[in-house]
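For reference, the structure discussed in these notes is given below.
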Amino acid sequence: MTRLYLVRHGPTHAKCMVGWSDLPADLSDGAALARLDNYLPQDALVVSSDLTRAVATADAIQGSRTRLPHTQNLREIHFGDWELRTWAEIDAEDPVRIKAYWETPGDVTPPRGESWNQVCTRVDAAIDQLVQAHSGRNLIVVGHFGQILTQVQRAEKLTAEEVFAHRIDNLSVSEISKSSKGWSIGKINHCP
């Protein structure tokens, strides 16, 4: 069995849509990072998205764990022209599309961005590659809200609408396992 500990990066404090924009994480809460480090298995391999906020969070909790190269395919949702803009700004310009994107996620895309289905395909492939390459190991995957939700959706066999009801806090852990019987879910949004 391969166990995945999906960790959301530290907060950016941005009040807008942050996908592929490379904002730093606020990692000043040393106590929260220490609790997270202590909770995670010491024998785990650590991998992250290639965005600074995920890389820095992985650095902060790595300790003596082995680090794998970070990967672009573990990035957050690509919001395209909506990057670094607020809901209100986008709603004023394109209310039908933004409402459809969040309320009926699937094939709707932001201009020059990616749909929820495209995010799932990209992240599923990256996670499958990690599981295949490191079968039977514990893997700490430091990433993003959307990236984590793709795996919760897959493990729980939820619709996109259902998975968006889950909350994924910064510096939280969601646990998923892959065995010969398929995917199973453990804790979701656990804040040690």
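Only this structure's heavy atoms are used, side chains among them; waters, hydrogens and symmetry mates stay out.
Within the 4.5 Å cutoff, side-chain heavy atoms of His166 are placed close to those of Glu156. Side-chain contact between Asp50 and Thr71: absent, with no pair of heavy atoms (C-beta onward) separated by less than 4.5 Å. Val55 places none of its side-chain heavy atoms less than 4.5 Å from the side chain of Leu51.
At distances below 3.5 Å, not a single donor-acceptor pair connects side-chain atoms of Arg65 with backbone N or O atoms of Ala44. Without hydrogens or angle criteria, Asp26 side chain to Pro11 main chain gives no donor-acceptor distance under 3.5 Å. Checked by atom type and distance alone, the side chain of Glu83 never pairs as donor or acceptor with a backbone atom of Val18 at under 3.5 Å. A donor-acceptor pair under 3.5 Å is formed between the side chain of Asp29 and the backbone N or O of Ala32. Put simply, the side chain of Ser21 never gets that close to the backbone of Leu23: no donor and acceptor are under 3.5 Å apart. Judged by distance alone, with hydrogens and angles left aside, the side-chain atoms of Asp94 form no donor-acceptor pair with the main-chain N or O of Ile90 at under 3.5 Å. When atom types are taken as modelled, the side chain of Ser115 and the backbone of Thr109 share no donor-acceptor pair closer than 3.5 angstrom.
With values rounded to the nearest 0.5 angstrom, Asn170 atom CG is found 10.0 Å from Arg53 atom CZ. Once rounded to the nearest 0.5 Å, the distance linking CD1 of Ile77 with CD of Gln147 reads 10.5 Å. Rounding to the nearest 0.5 Å places CD of Glu162 at 12.5 Å from CG of Leu149. Taken from OG in Ser174 to CD1 in Ile185, the straight-line distance is 6.5 Å, to the nearest 0.5 Å. Atom CG of Asn189 is separated from atom CG of Leu6 by 11.5 Å, given to the nearest 0.5 angstrom. Interatomic distance, CD1 of Ile61 versus NE2 of His9, reported as 12.5 Å (0.5 Å rounding).
Residue Arg67 qualifies as enclosed at atom CZ: its count of foreign heavy atoms under 6.0 Å is above 12. Within 6.0 Å of CD in Gln132 there are 12 or fewer heavy atoms belonging to other residues, nucleotides or ligands. For Gln129, the CD atom counts as loosely surrounded, since its 6.0 Å shell holds 12 or fewer non-hydrogen atoms of other residues, nucleotides or ligands.
Relative ring orientation between Phe79 and Trp102 is described as tilted, the plane-to-plane angle lying within the 30° to 60° band. Ring-plane geometry between Tyr39 and His190 is classed as tilted, the angle between the planes lying from 30 to 60 degrees on a 0 to 90 degree scale.
The cluster map of Ile, Leu, Val, Met, Phe, Trp and Tyr, joined by side-chain heavy atoms under 4.5 Å apart, puts Leu130 and Trp183 in the same cluster. Clustering ILVMFWY residues whenever any of their side-chain heavy atoms sit less than 4.5 angstrom apart, transitively, puts Leu4 in the very cluster that holds Leu74. Residues Leu27 and Val173 fall within the same hydrophobic cluster, defined by Ile, Leu, Val, Met, Phe, Trp and Tyr side chains chained together at heavy-atom separations under 4.5 Å. Leu40 and Val47 are members of different hydrophobic clusters when ILVMFWY side chains are connected at heavy-atom separations under 4.5 Å. Under the 4.5 Å side-chain heavy-atom criterion for Ile, Leu, Val, Met, Phe, Trp and Tyr, Val108 and Met17 are members of the same hydrophobic cluster.
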Legend entry - Audit row: Trp82, Tyr101, ring pair (Phe, Tyr, Trp, His ring centres under 6.0 Å) steps and yes/no: CA-CA 11 Å; Trp82 293 351; Tyr101 187 81; 5.4 Å; yes

Inset, instruction - Might you work through the salt bridge (charged side-chain N to carboxylate O under 4.0 Å, His left out) test for Arg85 and Glu93, ending with a clear yes or no? - result: CA-CA 11 Å; Arg85 299 186 66 211; Glu93 293 174 9; 2.7 Å; yes

Inset, instruction - Please step through side-chain hydrogen bond (donor to acceptor under 3.5 Å, both in side chains) for the pair Gln153 and Trp116, ending with a clear verdict. - result: CA-CA 11 Å; Gln153 179 179 352; Trp116 178 249; 2.7 Å; yes

Inset, instruction - Evaluate side-chain contact (heavy atoms from CB on, under 4.5 Å) for Leu171 paired with Thr57, printing each intermediate quantity in order. - result: CA-CA 8 Å; Leu171 301 178; Thr57 302; 3.9 Å; yes

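One finds no salt bridge joining Asp37 and Arg35 here, because no Lys/Arg side-chain nitrogen approaches an Asp/Glu carboxylate oxygen to under 4.0 Å.
The minimum heavy-atom distance linking Val46 with Ala58 is given by the pair CG1-CB, 3.9 Å.
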Without placing hydrogens or testing angles, list every side-chain donor-acceptor pair under 3.5 Å for residues 120-128, not counting sequence neighbours.
{"residue": "Thr121", "atom": "OG1", "partner": "Asn117", "partner atom": "O", "Å": "3.0"}
{"residue": "Arg122", "atom": "NE", "partner": "Glu114", "partner atom": "OE1", "Å": "3.4"}
{"residue": "Arg122", "atom": "NH1", "partner": "Asn73", "partner atom": "O", "Å": "3.1"}
{"residue": "Arg122", "atom": "NH1", "partner": "Arg75", "partner atom": "O", "Å": "3.0"}
{"residue": "Arg122", "atom": "NH2", "partner": "Arg75", "partner atom": "O", "Å": "3.4"}
{"residue": "Arg122", "atom": "NH2", "partner": "Glu76", "partner atom": "O", "Å": "3.0"}
{"residue": "Arg122", "atom": "NH2", "partner": "Glu114", "partner atom": "OE2", "Å": "2.5"}
{"residue": "Asp124", "atom": "OD1", "partner": "Gln151", "partner atom": "NE2", "Å": "2.8"}
{"residue": "Asp128", "atom": "OD1", "partner": "Arg154", "partner atom": "NH1", "Å": "2.8"}
{"residue": "Asp128", "atom": "OD1", "partner": "Arg154", "partner atom": "NH2", "Å": "3.0"}
{"residue": "Asp128", "atom": "OD2", "partner": "Arg154", "partner atom": "NH1", "Å": "3.3"}

Could you list the donor-acceptor pairs under 3.5 angstrom formed between side-chain atoms of residues 137-144 and any protein atom two or more places apart in sequence or on another chain?
{"residue": "Arg137", "atom": "NH2", "partner": "Asp43", "partner atom": "O", "Å": "3.1"}
{"residue": "Asn138", "atom": "ND2", "partner": "Asp43", "partner atom": "OD1", "Å": "2.9"}
{"residue": "His144", "atom": "NE2", "partner": "Ser49", "partner atom": "OG", "Å": "2.9"}

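Sequence neighbours left out, not one pair with a member in residues 9-22 passes salt bridge (charged side-chain N to carboxylate O under 4.0 Å, His left out).
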